[in-house]
Amino acid sequence: VYSLYCMYNFCQSESLGQGSFTRIFKGSKIDIRDGERHVTDVLLKELDANHKNCWESFFEAASLMSQISHKHLLLVYGINVMVQEFIKCGALDLFLKREGSVSVSWKLDVAKQLASALNFLEEKNITHGNICAKNLLLAREGDASQGSSPFIKLSDPGINLAMLGRDVLLDRIPWVAPEVLEAPERLELECDKWSFGATLWELFNGGQAPLQGLDLERKLQFYETYKQLPSSEWTELADLISQCMNYQPAFRPSCRSIIRQLNSLITSDYVILHAAEPLPD
Ligand SMILES: N#Cc1ccc(Nc2nc(N)cc(-n3ccc(CO)n3)n2)cc1
């Protein structure tokens, strides 16, 4: 099996003229197969700014052409790129592992921002389905000494849970809610609350993955025996995490309650006592 690594690099050359609603660039597709580089000339078509609204038909046209082939039909290599805003400091789990010592109030600030993103999704009745520190992107590091706070953005959920194999789902224990394992196609809002609890745990444990190193069988047993993650010595935090990670979805707190509890954590004297060093647990 070879790893297909395909990178587009392209230079803007207006000389290629304009499509009706598109800008076109000449580029080259670099595939690496069995250690060999294959460079192919490609043309990249980008929907221009004031026609973003008809991206569906742009997408349909491209996917239609990519599904058929004939010697007199243009070959479409694919439309398999998602273009995202580049977030300066990358994923939170890696940042926490690298940094190690961020203050308790920094962590609570990040937790509150995630809670407000979840609150927004809850109001829209949208379930994300893949809340975890890996999918929290740090747009601004924030520096406690300068008093500037961090700024996070929740990434896309990736492939729909119902499309994933059972092993992938099991490997997402303990982020994936227990009820999702049995019915990944029926995602409810409550499953994001469970994942929020697991993400809080990551946040206050230096970005290390909970249940790391457990194989899938043991991860499944963790749920079958209704286990909880090792609780923090900060009881109010441990309470919030276990409320979110309640095996009964209906008993999990609403986003408003989560935000209220985070606000009271922020004012608790634990924060002042641990202003500088990270929580020991
Ligand atoms: N060193 C370093 C470094 C790495 C990445 C970025 N930036 C960025 N921008 C995005 N839009 C998305 C991501 N992601 C990273 C993991 C995921 C998983 O979803 N996304 N990283 C900035 C610095």
Side-chain angles (χ1 to χ4, degrees), residues 84-123 128-158 174-175 192-210 212 229-245 252-281:
Q84 298 181 344
E85 61 170 323
F86 184 81
I87 302 300
K88 184 168 169 288
C89 312
L92 183 66
D93 63 326
L94 296 181
F95 176 81
L96 289 172
K97 285 173 189 155
R98 256 195 328 261
E99 283 303 307
S101 69
V102 284
S103 72
V104 171
S105 52
W106 188 96
K107 295 172 184 173
L108 287 172
D109 198 336
V110 164
K112 261 185 73 179
Q113 292 175 34
L114 175 56
S116 67
L118 282 191
N119 191 45
F120 174 79
L121 291 174
E122 185 181 73
E123 281 168 358
H128 184 276
N130 196 2
I131 309 288
C132 59
K134 215 183 284 304
N135 279 340
L136 280 184
L137 304 172
L138 199 57
R140 189 179 63 223
E141 213 171 287
D143 179 340
S145 54
Q146 250 72 321
S148 75
S149 56
F151 195 89
I152 56 125
K153 291 197 169 212
L154 177 59
S155 179
D156 63 285
W175 291 275
D192 282 346
K193 314 287 191 293
W194 175 284
S195 313
F196 178 82
T199 308
L200 259 190
W201 193 95
E202 290 184 274
L203 187 52
F204 283 88
N205 282 275
Q208 63 167 311
Q212 190 170 19
L229 294 176
S231 57
S232 158
E233 59 161 24
W234 185 3
T235 39
E236 291 85 347
L237 174 74
D239 287 348
L240 176 56
I241 291 175
S242 53
Q243 284 172 46
C244 293
M245 301 182 82
R252 292 169 203 159
S254 67
C255 285
R256 293 173 56 79
S257 162
I258 289 173
I259 292 169
R260 233 188 347 265
Q261 294 188 58
L262 285 172
N263 283 329
S264 68
L265 286 182
I266 286 170
T267 55
S268 92
D269 48 17
Y270 196 98
V271 181
I272 299 151
L273 288 174
H274 295 77
E277 89 267 349
L279 281 179
D281 63 317

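Below, each value reflects all heavy atoms present in this structure, side chains not excepted, and no hydrogens, waters or symmetry copies. Nothing here was measured: the structure is a model prediction, and the numbers come from that model.
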A.B. asks: What are the two closest non-hydrogen atoms of Gly197 and Cys244, and how far apart are they?
C.D. replies: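 That closest heavy-atom pairing would be CA-CB, 3.8 Å.
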A.B. asks: Measuring only between side-chain heavy atoms, which start at C-beta, is Leu138 closer than 4.5 Å to Pro150?
C.D. replies: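 A side-chain contact under 4.5 Å exists here.
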A.B. asks: State, with a plain yes or no, whether a side-chain heavy atom of Cys89 is found less than 4.5 Å away from one of Arg140.
C.D. replies: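 SC-SC contact between Cys89 and Arg140 ruled out.
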A.B. asks: Which pair of non-hydrogen atoms, one from Leu137 and one from Ser155, has the smallest distance, and what is that distance?
C.D. replies: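 That would be CD1-CB, 3.9 Å.
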A.B. asks: Check salt bridge (charged side-chain N to carboxylate O under 4.0 Å, His left out) between Lys153 and all other residues, then give those that pass, not counting sequence neighbours.
C.D. replies: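 Per chain and number, Lys153 pairs via salt bridge (charged side-chain N to carboxylate O under 4.0 Å, His left out) with Glu85.
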A.B. asks: Kindly compute the distance separating CG (Asp93) from CG (Asn135), expressed to the nearest 0.5 Å.
C.D. replies: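 Result: 9.0 Å between the selected atoms.
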A.B. asks: Apply side-chain contact (heavy atoms from CB on, under 4.5 Å) to residues Trp234 and Leu265 and explain how you reach the verdict.
C.D. replies: CA-CA 10 Å; Trp234 185 3; Leu265 286 182; 3.7 Å; yes
A.B. asks: Do Lys88 and Phe151 come close enough that some side-chain heavy atom pair is under 4.5 Å?
C.D. replies: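 Lys88 vs Phe151: side chains apart.
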A.B. asks: Could you go step by step and tell me if Leu114 and Leu200 meet the side-chain contact (heavy atoms from CB on, under 4.5 Å) rule?
C.D. replies: CA-CA 10 Å; Leu114 175 56; Leu200 259 190; over 6 Å; no
A.B. asks: Which heavy atom of Val102 sits nearest a heavy atom of Glu99, and at what distance?
C.D. replies: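 So the minimum-distance heavy-atom pair works out to CG1-CB, 4.3 Å.
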A.B. asks: Between Gln113 and Asp109, is any side-chain donor less than 3.5 angstrom from a side-chain acceptor?
C.D. replies: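 Checked: Gln113/Asp109 side chains pair up, N/O donor to acceptor below 3.5 Å.
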A.B. asks: Rounded to the nearest 0.5 Å, how far apart are OG of Ser231 and CH2 of Trp201?
C.D. replies: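 Going from the OG atom of Ser231 to the CH2 atom of Trp201 covers 10.5 Å.
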A.B. asks: Can you find a heavy atom in the side chain of Leu154 that is under 4.5 Å from one in the side chain of Leu121?
C.D. replies: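 A side-chain contact exists here, since the closest heavy-atom pair is under 4.5 Å.
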A.B. asks: Please determine whether side-chain contact (heavy atoms from CB on, under 4.5 Å) holds for the pair Val110 and Lys107, giving the CA-CA distance in whole Å, both sets of side-chain angles, and the decisive distance to 0.1 Å.
C.D. replies: CA-CA 5 Å; Val110 164; Lys107 295 172 184 173; 5.7 Å; no
A.B. asks: Using a 3.5 Å distance criterion without hydrogens, assess whether the side chain of Asp192 forms a donor-acceptor pair with backbone atoms of His128.
C.D. replies: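 At least one qualifying donor-acceptor pair exists.
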A.B. asks: Could you measure the distance from the OG atom of Ser116 to the CD1 atom of Ile258? Nearest 0.5 Å is fine.
C.D. replies: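 One gets 11.5 Å once the value is rounded to the nearest 0.5 Å.
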A.B. asks: With heavy-atom distances below 4.5 Å as the criterion, would you say the side chains of Tyr270 and Leu237 are in contact?
C.D. replies: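 Of all side-chain heavy-atom pairs linking Leu237 with Tyr270, none is under 4.5 Å.
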A.B. asks: So among Glu122, Gln243, Met245, which one has a side chain to side chain contact (heavy atoms under 4.5 Å, CB included) with Lys193?
C.D. replies: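 Answer after filtering Glu122, Gln243, Met245: Glu122.
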A.B. asks: In Å, rounded to the nearest 0.5 Å, how long is the span from CD of Glu202 to CD1 of Ile241?
C.D. replies: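 Separation between the atoms: 10.5 Å.
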A.B. asks: Around atom CZ of Arg256, are there more than 12 heavy atoms of other residues, nucleotides or ligands at under 6.0 Å?
C.D. replies: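 Count not over threshold, so no.
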A.B. asks: To the nearest 0.5 Å, how far apart are NZ in Lys134 and CG in Leu94?
C.D. replies: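 Here the rounded value is 7.0 Å.
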A.B. asks: Of the non-hydrogen atoms in Val271 and Ser105, which two are nearest, and what is the gap between them?
C.D. replies: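 Looking at all heavy atoms of both residues, the shortest contact is CG1-CB, 4.0 Å.
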A.B. asks: Within the 3.5 Å criterion, strictly below it, is a donor on Asp156 or Gln84 matched to an acceptor on the partner's side chain?
C.D. replies: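 Asp156 vs Gln84: donor-acceptor pair found between side chains.
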A.B. asks: What is the minimum heavy-atom distance between Ala115 and Leu262, and which atoms define it?
C.D. replies: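 Closest heavy-atom pair between Ala115 and Leu262: CB-CD1, 3.9 Å.
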A.B. asks: Atom CG in Leu96, atom OG in Ser101: separation rounded to 0.5 Å?
C.D. replies: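 Leu96 atom CG to Ser101 atom OG measures 10.5 Å (nearest 0.5 Å).
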A.B. asks: Taking the side chain as every heavy atom from C-beta outward, state whether Phe204 and Leu108 have any pair of such atoms under 4.5 Å apart.
C.D. replies: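 Phe204 reaches Leu108 side chain to side chain.
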A.B. asks: Is a donor on one side and an acceptor on the other found under 3.5 Å between the side chain of Gln261 and the backbone of Leu240?
C.D. replies: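 Pair absent, no side-chain N/O of Gln261 close to backbone of Leu240.
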A.B. asks: Could you check if a side-chain atom of Pro210 sits within less than 4.5 angstrom of a side-chain atom of Trp175, using non-hydrogen atoms only?
C.D. replies: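 A side-chain contact exists here, since the closest heavy-atom pair is under 4.5 Å.
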A.B. asks: If you take all heavy atoms of Pro174 and Leu229, which pair is closest and at what distance?
C.D. replies: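 Heavy-atom minimum between the residues: CG-CD2, 4.0 Å.
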